[in-house]
Amino acid sequence: MMQEKLQHLTKDALNAIHNIADLRELEALRVQYLGKKSEISQLALGLKSLPVAEKPLMGKAINEAKQAVQHALNERKTTLEAAVLLQQLETERIDVTQDGRLSYTGSIHPISRITQRAVELLNLSGFSVHYGREIEDYYHNFEALNIPKHHPASSMHDTFYVNVGELLLRTQTSCGQIHVLSTEKPPVRVITPGKVYRRDLDPTHTPMFHQLEGLVVDRNCHFSELKSLLHRFLNQLFEKELRLRFRPSYFPFTEPSAEVDIACHLCDGAGCRLCGHSGWIEVLGCGMVHPNVLENIGIDSEEYNGYAFGLGLDRLAMLCYGITDLRAMFENDLRFLQQF
Amino acid sequence: MKLSIAWLKEILPGMEQHLQSHQDVLALADKLTMLGLEVDQIAKVAKDFHGVVIAKVIACEPHPDADRLRVCRVDIGRGDALQIVCGAPNAREGMLVALATIGADLGDFKIKKSKLRGVESHGMLCSASELGMSEDHDGIIELDAAAPLGVDIREYWQLDDECLEIELTPNRGDCLSLYGLAREIALSYELEAASLPAAAPKLDPSLRCPEIKVLQPDDCMQYHARRLSGIEPRAQSPMWLQQKLQRMGLRSIHPVVDVCNYVMLLMGQPMHGFDLDQVSGAVQVKRAKAKEKLVLLDDSEIELDQECLVIADDQGALALAGVMGGAASAVGDATCDILLESAEFNPVRVCLQARKHRLSTDSSYRFERGIDSLCVRYALDLATALLQEIVGGQASEVVSVVAQEPVAHHISLRQSSIKRHIGIDIDTHEVERIFDGLNFQYERNEAGWQITAPIYRHDITLEIDVIEELVRIYGYDRIPETQERIAANDEVLNDSGHRLYKMKERLATLGYRECINYSFCDAELQQMVSPGVEAIELKHPISDQLSQMRLSLWPPLLRNALYNQNRQMSDLSLYETGACYFRDGDVVLERQKLAMLLTGQEAPKQWGLAVRSVDFFDLKGSLSALLQVCGIEANCEATSHPALHPGQSAKLMWQGRELGVFGALHPSLQRQLDFDRSVFLAELDLEPLLEVRKPSFDLISKFPSVSRDLAFVLNENTTFEQLLSTVRGASGDLLSDVTVFDIYRGVGVEKNEKSIALGLTFQEASRTLVDVEINELIQGIVSEVESQLGAKLRA
């Protein structure tokens with residue numbers, strides 16, 4: 001009789017488990033069929049009253065019935081859980097093409113970027129940085145740099161004068177040379193990045209722009225070394241092997257002086273709109289420090305000499321980032337700034 | 001300085017074979033550039049047309065059917081006259097014209113037989129602009145009477161010519177003439193130098209020339225003059241002369257002026273012609289009287305002073321020496337008696353007076369850079385002879401005053417100096433070959449050479465000048481690159497610029513965009529932002545908007561914000577770093593600042609996020625995140641600033657130093673400037689932020705921390721800072737962190753009161769804290785806050 005009941009119970013259980021579609025109800029079934037108060041458990045309690053001979057047989061049958069139900073429960077649970085997961089995955093599907101959480105991002109001005117890059121590269125070549133003042137006196141901006149007062153060279157730049165004494169806005173960072181050389185004794189290896197001012201406003205000139213001046217004063221400096229220094233620096237800056245052209249020029253504070261052109265990086269020297277069909281783009285001016293400049297600061301030009309170079313950082317930024325409108329640099333239009 | 005290729009070939013015939021094609025011209029331009037005479041532009045003097053010949057208008061009748069057209073009959077020297085319909089107002093009988101015949105190609109179009117309003121036309125009479133020779137639309141070209149009929153105008157005017165525009169550096173005054181440029185070109189192509197043309201004016205020894213007095217020998221080294229009398233007032237400059245001038249960028253004005261200009265272009269010697277009828281007594285080179293007035297050739301009136309050198313007669317100033325002639329003594333249509341001047345003025349004097357009167361003329365430009373002292377007298381003869389060919393007249397003897405003889409510079413060049421400055425030796429023969437080419441006289445000596453540079457090379461006075469000339473000709477491209485020494489430099493690593501860049505990177509992360517503005521701004525906005533502070537002003541600003549040196553970075557940033565707001569971009573986080581400029585009497589102070597501007601929404605409009613407007617605390621949060629890069633944890637104190645909202649402005653304090661101020665733009669300024677929302681501004685001094693400061697490590701406790709929350713009801717006037725410092729004071733070292741997680745006003749809290757909820761974290765580095773001691777601490781904190789601040793613990 002017990003045997004029959006057990007079979008009956010097992011069959012009911014398996015049937016019920018098979019028909020259940022909900023994990024919570026499945027748990028209720030487990031309690032119902034395998035819990036302490038379940039009929040199968042009651043049957044197990046009933047074992048005590050069975051004759052000794054029947055006990056093992058019946059015990060085994062009960063265990064097998066429990067295992068069968070447990071197995072069915074497990075299987076059903078796995079199936080139902082898989083279905084639940086599947087359903088969850090389906091309901092949790094999102095449109096991955098939707099925008100990510102947006103916040104405003106910032107940017108660093110192209111001139112700051114190029115300045116930092118140039119400074120870092122020149123640091124590697126042992127140049128230290130000097131930041132000069134922007135409001136200068138006539139002596140540092142002109143006379144000390146071998147530009148006499150009534151000489152055409154002083155009209156190479158149209159100068160802004162301010163209403164304090166005879167002071168002016170520096171027209172070039174070269175005056176940094178004078179400040180450095182009056183406080184430091186050679187050997188000197190210094191760069192002076194900064195703002196400079198000339199009274200000019202047209203599509204290719206702004207009244208304020210940025211220069212970086214480099215200066216080396218030591219024993220036995222020569223032009224050949226200057227060529228090598230600049231070639232390496234420009235290669236690093238433009239991140240490619242460049243063809244360079246040094247052509248004679250004139251700056252009052254250097255002699256011999258040179259303008260340095262790079263082969264146009266757009267057309268590689270063939271001639272295009274960027275380079276004005278010349279194949280060359282002027283990037284900097286340089287030369288051997290004029291002995292008058294050294295003597296002006298009390299450095300014996302027979303013992304020491306030096307070389308200097310000056311970069312227009314705004315122009316360089318334009319070249320590096322393909323900026324075609326100089327004035328955009330100082331308009332601070334968000335649509336410009338956010339490109340960097 | 002322009003250079004006509006055709007003219008160059010005339011004076012340097014050896015160049016003919018080197019200038020056969022456009023490619024040859026490009027090669028010449030390249031050589032000049034590599035000689036330091038930078039060629040800026042190469043332009044054809046006319047476009048590529050052909051089929052245009054010289055013709056004579058033999059009849060010119062009105063068109064039967066059109067008011068503006070005329071029917072001309074023109075003779076081209078062969079066959080029958082051609083009928084041409086022409087619209088130019090200057091067409092008239094007897095005129096010599098440029099006729100584009102049938103089949104002529106004018107580049108943009110071809111000439112065909114056509115009918116205009118029913119009248120046949122067999123060609124077109126051309127204007128200069130139609131031939132690509134100028135921008136002039138003043139009617140058709142009129143040729144000189146001597147022009148041969150039927151000849152191609154390209155040939156007659158040598159229009160297969162190109163012009164180089166050469167940008168000369170200020171040291172090369174010697175190249176401001178065709179002969180000067182020809183010297184360099186001859187050297188480069190290894191040709192014989194150009195020889196000067198003979199100048200043999202026909203003299204009339206009986207003709208008297210006015211007396212010349214040079215009263216300022218320092219200002220005028222030499223002055224030569226001669227009278228040319230009985231010239232034909234109606235004479236015109238011949239076409240070849242007009243053509244040459246035009247090609248070099250000058251207009252034909254009057255034969256006397258044209259010849260003076262021609263000689264100047266050829267020799268670099270500026271000259272001047274006075275109408276002698278307007279000159280009385282001796283011609284004097286002297287300083288002007290104070291406040292003397294002079295009307296110049298361009299009809300402008302200038303006021304002179306004793307610094308000005310003038311050419312004067314008994315009555316007063318006739319011309320501003322070396323710069324420009326006066327209107328009263330200018331040659332004109334009625335002039336038949338002239339005084340021709342060729343002089344050498346002191347470059348410094350000319351520079352000074354040209355600049356003083358803001359004048360730069362072809363003449364002053366050349367005098368400032370130095371002319372060829374040995375050609376001054378010759379130029380006068382050359383001009384006289386040429387003028388006589390054009391206007392006739394009798395020439396007097398030259399009256400000369402030579403106050404200073406030109407002095408040649410003698411320079412020693414040590415052979416070792418070449419290597420010292422350039423890095424290589426240059427072969428002795430090559431050095432001397434270059435000297436020869438440059439017309440340097442030299443003698444070898446033990447150390448090197450003793451050199452005498454030609455008089456016209458004012459730029460060569462020192463050894464380094466000679467070395468520069470040597471390598472210029474030797475070729476910069478032939479100097480090898482030698483690996484330079486790299487010196488170790490201790491200071492490299494201590495650069496405040498790198499620290500500033502780190503701050504910029506942090507600001508970028510925080511969403512701020514870097515602006516760069518001019519250092520000058522408009523006075524009006526500046527005074528609104530910094531009222532009562534005296535700004536440094538520019539003496540000659542570019543515009544009123546750019547007239548004062550900035551006292552703060554706020555005015556430019558505010559302008560940037562308005563600029564963008566006007567372009568529908570109103571969510572802005574901007575910053576700028578740079579100098580601000582202050583004066584203290586005659587002392588100028590430059591202070592490096594950093595300023596930020598924040599306005600609009602805190603994030604872009606988007607799904608899934610209710611975007612709010614930025615406020616004071618967004619900016620404050622950015623500031624503390626920024627200062628973290630500098631290792632600074634600053635405190636805020638309420639403050640006042642004329643540009644800021646009095647209830648929303650604070651100063652940042654750190655270790656007793658004020659780092660800067662920030663707050664909301666004052667609402668009245670906001671309205672005046674037309675901002676449609678609140679604007680938040682900060683400005684900090686950069687100097688303390690850029691000091692070297694390294695993070696220092698604090699041991700991390702291995703023991704658990706304990707957190708407790710406390711809420712106090714406080715009077716509205718009690719500040720955060722007061723509450724926090726009281727709590728910190730009562731907690732001792734065990735308090736490791738305190739945050740404010742809620743501020744509440746409303747139901748349950750009295751008016752004029754607020755509830756502030758604090759989250760306190762306690763920790764000990766060496767052991768686990770026990771409840772008893774935390775409870776004691778909390779009790780202490782509560783009673784301290786209650787007694788010190790009159791607060792109540794909120795239940």
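Values below: every heavy atom of this structure, side chains too, minus hydrogens, waters and symmetry copies. Remember, it's a predicted structure, so these values are computed and weren't measured experimentally. All chains are named by letter (A, B, ...) in the order of the sequence lines, taking the proteins before the strands, and each is independently numbered beginning at 1.
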For a side-chain contact (heavy atoms from CB on, under 4.5 Å) with A/Arg247, tell me which candidate from B/Thr33, B/Leu35, B/Asp477 qualifies.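 Going through the options one by one, the only one that passes is B/Thr33.
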Does A/Gln98, at its CD atom, have more than 12 non-hydrogen atoms belonging to other residues, nucleotides or ligands within less than 6.0 Å?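 It does: A/Gln98 CD has more than 12 such atoms within range.
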With a 4.5 angstrom heavy-atom cut-off, could you sort out which part of [X] is near chain B: side chain, backbone, both or neither?
| X | result |
| --- | --- |
| A/Glu302 | both |
| A/His290 | side chain |
| A/Leu244 | neither |
| A/Pro291 | side chain |
| A/Ser301 | backbone |
| A/Thr206 | both |
| A/Phe246 | both |
| A/Tyr131 | side chain |
| A/Asn292 | side chain |
| A/Phe336 | neither |

Can A/Tyr104 and B/Ser573 be said to form a side-chain hydrogen bond (donor to acceptor under 3.5 Å, both in side chains), step by step? CA-CA 8 Å; A/Tyr104 284 117; B/Ser573 349; over 6 Å; no
Keeping the roles fixed (side chain from B/Arg567, backbone from A/Asp333), state whether a donor-acceptor pair exists under 3.5 Å.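 It does not hold such a pair.
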Sub-3.5 Å donor-acceptor pair from the side chain of B/Gln606 to the main-chain atoms of A/Arg101, do we have one?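 Looks like no, no N/O pair under 3.5 Å.
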